[in-house]
Number of protein chains: 2
Amino acid sequence: MLEILKNHIGKIVPLTDQEFGFVASLFTAKSYKKGQFLFQEGEHLSRHYFICKGLLKLVYTDSDAREHIVGFAMEDWWESDFEAFYTQQKTSMSLICLENTDVLYITLENYKKLCGTLPKIEHFFLEKAYFGFIAAQKRILSTLTSNTKERYYQLIERYPALVQRVPKSQLAAYLGVSRETLSRLSR
Amino acid sequence: MLEILKNHIGKIVPLTDQEFGFVASLFTAKSYKKGQFLFQEGEHLSRHYFICKGLLKLVYTDSDAREHIVGFAMEDWWESDFEAFYTQQKTSMSLICLENTDVLYITLENYKKLCGTLPKIEHFFLEKAYFGFIAAQKRILSTLTSNTKERYYQLIERYPALVQRVPKSQLAAYLGVSRETLSRLSR
DNA sequence: AACCAAGTGTGATATACATCACTCTATAAT
DNA sequence: ATTATAGAGTGATGTATATCACACTTGGTT
């Protein structure tokens with residue numbers, strides 16, 4: 001699993017073996033089964049997750065117990081409740097496995113140590129943050145400019161592998177429409 | 001105007017006078033009148049803007065010539081078409097003054113020089129990027145969980161000063177509803 | 001073989017919102 | 001003083017989507 005992380009980081013900031021040895025020493029591997037929670041709404045959260053294998057959903061559950069999917073995460077993605085992690089508040093969302101999943105996680109303490117020691121890694125996370133922000137802005141723009149059908153086809157185009165692996169009811173919860181409406185789209 | 005920037009950065013990473021002198025040498029001041037474009041869809045963009053005074057909208061215009069407001073920017077905010085700036089593609093959006101506006105801008109070249117020289121500043125931008133991402137994610141969640149009326153009141157609660165200064169038709173273009181629907185909300 | 005749960009499709013009805021058309025007001029321009 | 005213009009309110013109507021109810025398929029479990 002560490003090899004996956006090394007390749008992933010190396011695409012943006014190449015690291016020497018020694019540097020990566022330090023990075024690796026700050027991560028912990030863990031596996032989860034389909035249906036398990038990595039964290040749950042209202043908990044304290046001290047981990048940022050890198051997904052080596054598997055598929056997850058980041059979920060907000062509203063007062064009527066409806067699930068809204070803030071995002072999916074699969075191989076080579078980072079995920080967490082970022083506000084809760086970074087500002088050390090209680091989580092407002094849950095991270096749940098849609099498939100059996102292997103992750104590497106880093107604690108906030110180690111994250112700070114890492115960025116303080118290796119500026120290259122801070123640059124790596126900055127780049128990740130920029131592209132996360134850009135992707136979020138595109139999703140907002142998509143809801144402003146497009147109807148449900150268009151948004152669904154944009155999703156297929158943008159993340160074809162994801163759409164194959166996720167039930168349509170879950171895609172509906174991501175797009176913000178009912179599963180019935182999504183089911184009727186192609187007519 | 002430089003004093004505003006110094007205070008702004010200093011809230012996250014305190015700088016010595018010498019350090020800030022270097023920062024300041026890489027920014028350029030410029031003023032715009034209400035209605036002017038800082039940049040326009042389809043242009044090349046090499047500047048990242050810090051708003052010292054004024055109010056702007058970041059706009060995407062669709063194929064039917066409808067304006068969709070991706071975001072507003074006012075005092076103490078940073079704005080640009082971030083993807084275009086950072087990856088040096090053509091802009092897909094326009095940045096337009098809603099009031100007379102004073103900005104400080106930094107070019108991509110100077111931005112890279114700055115981050116390469118002063119790791120503290122890279123940390124500053126990382127923090128800005130994180131909070132930008134968190135805010136975008138909250139806006140997405142707001143569209144998933146809430147109806148128009150709720151989203152409008154969330155906007156008022158979150159940015160009361162902004163709502164005072166922006167015409168309701170523009171708020172409608174930000175919320176993604178027609179101005180008529182926004183006008184009928186309170187009934 | 002029988003049963004159960006998850007995922008999906010679809011009909012009927014209700015509702016939120018868009019759209020078009022018109023009006024009114026306040027402010028700026030002539 | 002008169003005329004534009006921007007912003008905002010509102011009535012009538014059409015449409016996209018939510019909601020409720022039920023049926024069907026599939027793969028796993030007893």
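- For Ser31(A) and Asp102(A), the side-chain atoms include at least one donor-acceptor pair closer than 3.5 Å.
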Could you encode protein contacts along nucleotides 13-24 of chain C as a string, one character per nucleotide from 5' to 3', using B for base contact, S for sugar-phosphate-only contact and - for no contact, with a heavy-atom cut-off of under 4.0 Å? ----SBBBB---

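- At a threshold of 4.0 Å, the pair Glu41(A)-Lys90(A) does not count as salt-bridged, since none of the basic side-chain nitrogens sits closer than that to a carboxylate oxygen.
- Residues Ser146(B) and Gln154(B) bring a donor and an acceptor atom of their side chains to less than 3.5 Å of each other.
- Contacts with DNA chain D (heavy atom under 4.0 Å) in residues 159-172 of chain B: Pro167(B), Lys168(B), Ser169(B), listed by number.
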Give every pair of a protein N or O atom and an N or O atom of nucleotides 28-30 of chain C that lie under 3.5 Å apart, one pair per line with the distance.
none

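- Counting to the nearest Å, the C1' atom of dA6(D) and the CD atom of Glu99(B) are 16 Å from each other.
- For Lys138(A) and Glu83(B), the salt-bridge test passes: some basic side-chain N is under 4.0 Å from an acidic carboxylate O.
- Checked against the 6.0 Å centroid threshold, Phe124(B) and His8(B) count as a close aromatic pair.
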Checking Lys53(B) against Asp76(B) for the salt bridge (Lys or Arg N to Asp or Glu O under 4.0 Å) test, could you report, in this order, the C-alpha distance in whole Å, the side-chain angles of both residues, the deciding distance, and whether it holds? CA-CA 8 Å; Lys53(B) 182 161 172 30; Asp76(B) 257 31; over 6 Å; no

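- Of the N and O atoms on the side chains of Thr87(B) and Gln89(B), at least one donor lies less than 3.5 Å from an acceptor on the other residue.
- Tyr111(A) and Phe125(A) have perpendicular rings, their planes meeting at more than 60° on a 0 to 90° scale where under 30° would count as parallel.
- For the ring pair (Phe, Tyr, Trp, His ring centres under 6.0 Å) criterion with His48(A), the lone passing option out of Phe85(A), Tyr105(A), Tyr86(A) is Phe85(A).
- Annotation: side chain of Tyr49(B) is not in contact with side chain of Trp77(B) (no heavy-atom distance under 4.5 Å).
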